[in-house]
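Structure first, then comments.
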Amino acid sequence: MEDRDTFVTLLDEDDNEVLFDLVLTFDYENRRYAALLPVGEVEGVGEDEVVLLEVVKENGEETFRSIDNEILLDEVFNEFMELFEELVDGEDE
């Protein structure tokens, strides 16, 4: 698990740039995932709603890929919630 203070710019379906705050990256089932919070309004994403994407290496660079499998998305979300709660609890101590 990594905690980063980083912003990421991604393109939406209409090729508009959208700024996200990278909350954390983590491994689950031998794959890497990123939890992102939109900075500002993003269509289809609620306020304080996290976006989970798979981190993949393509041509030596890390890129993000959507998680299309609903079961896997639920599992990744549950893993994120556990890690995020540990992170928050650790800050409270």
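None of these values were measured; they are calculated from a predicted model. In this chain, residues are counted from 1 in sequence order.
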Quiz item: Are any of the side-chain heavy atoms of Phe7 and Leu22 separated by less than 4.5 Å?
Solution: no

Quiz item: Got a second to check how far Asp74's CG is from Ile67's CD1, nearest 0.5 Å?
Solution: 10.0 Å

Quiz prompt | Taking every non-hydrogen atom, the tightest pair across Glu49 and Pro38 | solution = O-CD, 3.5 Å

Self-check item: Residues Glu17, Leu11; criterion side-chain contact (heavy atoms from CB on, under 4.5 Å); working and verdict
Solution: CA-CA 5 Å; Glu17 289 187 350; Leu11 297 177; 3.7 Å; yes

Self-check item: Interatomic distance, Tyr28 atom OH to Phe77 atom CZ [nearest 0.5 angstrom]
Solution: 13.5 Å

Practice problem: State, with a plain yes or no, whether a side-chain heavy atom of Glu54 is found less than 4.5 Å away from one of Arg32. | Solution: no

Quiz item: So do Leu36 and Leu53 actually touch side chain to side chain, heavy atoms under 4.5 Å?
Solution: yes

Quiz item: Is a side-chain donor or acceptor of Asp27 paired with a backbone partner of Asn30 at a separation under 3.5 angstrom?
Solution: no

Quiz item: How about Val23 and Phe80: do any of their side-chain heavy atoms sit closer than 4.5 Å?
Solution: yes

Quiz item: If we only count heavy atoms from C-beta on, is the Tyr33 to Leu52 side-chain gap below 4.5 Å?
Solution: no

Quiz item: In the single-linkage hydrophobic clustering (I, L, V, M, F, W, Y; side-chain heavy atoms under 4.5 Å), do Val56 and Val8 co-cluster?
Solution: no

Quiz item: Hey, does Phe64 have a side-chain heavy atom less than 4.5 Å from the side chain of Val55?
Solution: yes

Quiz item: Is the shortest heavy-atom distance from the side chain of Val51 to the side chain of Leu37 under 4.5 Å?
Solution: no

Quiz item: Between CZ of Phe26 and CG of Leu87, what distance do you get to the nearest 0.5 Å?
Solution: 12.0 Å

Self-check item: Listed partners of Glu58 passing salt bridge (Lys or Arg N to Asp or Glu O under 4.0 Å), at least two apart
Solution: Arg65

Exercise. Please answer whether the main-chain N or O of Asn16 pairs with a side-chain N or O of Asp14 as donor and acceptor at a distance below 3.5 Å.
Key: no

